[in-house]
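All chains are named by letter (A, B, ...) in the order of the sequence lines, taking the proteins before the strands, and each is independently numbered beginning at 1. From a predicted model like this one, the values you see are computed outputs, not experimental measurements.
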Number of protein chains: 2
Amino acid sequence: MTKIDDVARLAGVSTATVSRALRGLPTVSAATRRRVLAAAEQLQYAVSPSASRLAGGRTGTVAVVVPRITRWFFGVVVEAVEDFIHHAGYDLLLHNLGGREQNRQRLLRAANLHKRVDAIMLVATPLRAADLTTLAALDLPGVTISSGTTVPGWPCVRIDDVAAAKTATRHLLGLGHRRIAHISGDPDDELAFTAHLDRRRGYQEALRDAGLRPDPSLDVESQFDIAGGTRATEELLRRGDPPTAIFAACDEMAMGALTALRDAGLRVPQDVSVIGIDDHALSGVLGLSTIAQPAEEQGRLAAKMLLDPLGGQTGEPGMIAAGSPVILPTRLVVRESTAPARAN
Amino acid sequence: MTKIDDVARLAGVSTATVSRALRGLPTVSAATRRRVLAAAEQLQYAVSPSASRLAGGRTGTVAVVVPRITRWFFGVVVEAVEDFIHHAGYDLLLHNLGGREQNRQRLLRAANLHKRVDAIMLVATPLRAADLTTLAALDLPGVTISSGTTVPGWPCVRIDDVAAAKTATRHLLGLGHRRIAHISGDPDDELAFTAHLDRRRGYQEALRDAGLRPDPSLDVESQFDIAGGTRATEELLRRGDPPTAIFAACDEMAMGALTALRDAGLRVPQDVSVIGIDDHALSGVLGLSTIAQPAEEQGRLAAKMLLDPLGGQTGEPGMIAAGSPVILPTRLVVRESTAPARAN
DNA sequence: CTGAAAGCGCTTACAG
DNA sequence: CTGAAAGCGCTTACAG
């Protein structure tokens, strides 16, 4: 493999100059730079990342942590982030926690991030006090996506989960529904995605604003995915006196609800209305009403906030403004799964 | 940050011994190892990956390349692979091509993999002759998933796409359908996932086996996703004399077909039967008949074939058996989207 | 089983 | 604008 010395020799300059020229530092004359680039090209030279990292102290790598890449929101976020990160000249180290607490702990043992990355993005990853200590000790820039994941000094990009849930619930109220159920994430779940707590709060507040008292028997906790939505809905139906509408904390749970309702012989929306949050790629196919949230934009914006201050491949490390979270807007999308409550 | 010298001093041994003890090499006495581990623990020592890589020549990192992480198959594969890779003590560098040829080219410029990883996994990534040369020059172990991605000397894990398509088509034939349309990927698409060519072949062979001649007007190419399925189906309906059944090359296209049919006022399966390939997480919700393929298992198996020969974190680099591809079984799953053709 | 020393291939002050 | 030299923090023969 050709190394920097070979290029230096061919170009007739020192290795220091090769290093500067190849990285585009300004302190190289145009003529020299040209010769170096030509030599590097001719020899098919590629810098050794390990050597460069060891000498330079920067890894050119960003860690991205998500709970489950197979869920709609996280897949879309990672796709947007990946694009931004690679265009900025960085590599992306992926950590998918797979919904397992054990993986979260392994990752957050300092050694697994220590000196491996220049920056960290945490997407909907619950953090305990000990984790915050570990992250602080790492002393790296970072950014988080989703409420419930907050690291002092790191900016955060998210939606207003309370408001989104309120909008969903009010949509159902506006259609005349009064027995509105809510299905959401289980706080006992390992690695619970905590945004659902805000969503429940929005649901309850909307009910109260309408003069209704939240009914615990209409509030079911389950996993934050399709199967969880199915199980929660089955449980709801088992309790008797079924709701006329269901607000699910995410579209995947709402889809599970659709399945359970169909299997129970109930029609959507004639017998039961259903709404979720996300605007999942398949929500249109299913005719699911939802509160759309901009997943791609959250990913892109968070990546930008993380990398811009780092100054790209060759720039100087910088500072990230922490401040208050950046809240992106959500939007009610009415499809076929919600309809007026039947008069009775 | 504490370094190996600090540990060596505290433990009263040389850095060489610390290095050996920490990596679990056998040539260290139990007593010494204990002292070293205690010292490392006490100092919260974490090895510097860059230094270790530069000195040792191994990166402890695997590159995983997928076309689009947001599609069902690739998300599931990455989740399975990520789990295996991290448990084996490696890091995962993610490359999502985002369906763009330009990204593929950037990745395959030698510099972007050169000395960055110990091994490569290519999932459904089309390769040209020049790419094969680049990969060969990298001289790294690798593995591929999906037909259409073949690298000399690398093992491949996949399903039998021809057989899967035949099974799907025969299912429709068995229900009495004769006008069976096919919607599949567009070969002109950048970064086309080439498995669809095999799937078309299976479709055509099944028709011929049944004594039917494939009708070009019933064979539409589009993008390999939901929107592509919708567009292809709209095109099909525009041609007049609609098919009584549609075999889509993947479930996401089949879901797009469901949308288009519904919007055209056609009922599934009463007017048109639909079947796909995958068994997508939402196929059950939609009642979509399909040919299930084991995505998770393909990922896990490929990861295992890639890493086992590398001997884990501390073992010796090894050889991968190339040989013939490992073909995993598929299975017909009949749901509500396919039904007998109406007599007429 | 252990250590001294060289070396991995770069980047970075420092000097000019 | 450019170069000589030190140094980044490990691992690996080699010797004992």
Nearest-angstrom distance from the residue atom CZ of B:Arg9 to P of C:dT2
19 Å

Got a donor-acceptor contact below 3.5 angstrom from the A:Gln298 side chain to the A:Pro294 backbone?
yes

Between B:Asp6 and B:Lys3 (salt bridge meaning N to carboxylate O under 4.0 Å), is one present in this structure?
no

Does B:Tyr45 put a side-chain nitrogen or oxygen below 4.0 Å from OP1 or OP2 of D:dC10?
yes

With pairs defined as Watson-Crick or G-U wobble and both distances under 3.5 angstrom, please note down DNA chain D as a dot-bracket string, | for pairing with another strand.
|||.||||||||.|||

Between C:dC10 and A:Ser19, is there an OP1 or OP2 to side-chain N/O distance shorter than 4.0 Å?
no

So, under a plain 3.5 Å distance rule, would you say the side chain of A:Arg20 forms a donor-acceptor pair with the base of D:dG3?
yes

Any B:Ile120 side-chain heavy atom under 4.5 Å of B:Val62 side chain:
no

According to a strict under-4.0 Å criterion, is A:Ser50 in side-chain N/O contact with OP1 or OP2 of C:dG9?
no

For the pair made of CG in A:Leu54 and P in C:dG9, what is the distance, rounded to whole Å?
12 Å

Is it the case that the side chains of B:Thr59 and B:Asp118 hold a donor-acceptor pair, with the cut-off being a distance below 3.5 Å and no angle test?
yes

Minimum-distance nucleotide to B:Arg23 side chain [options: D:dT12, D:dC10, C:dT12]:
D:dT12

Heavy-atom distance under 4.5 Å between the side chains of A:Leu93 and A:Asp91, does that happen here?
no

Contact nearer the 5' end of DNA chain C, comparing B:Ala51 with B:Ser14
B:Ser14

Less than 4.5 Å apart, side chain to side chain, heavy atoms only: is that true for B:Asn103 and A:Asp83?
yes

The nucleotide from D:dC10, C:dG9, C:dA4 with an atom nearest the side chain of A:Ser48 is C:dG9

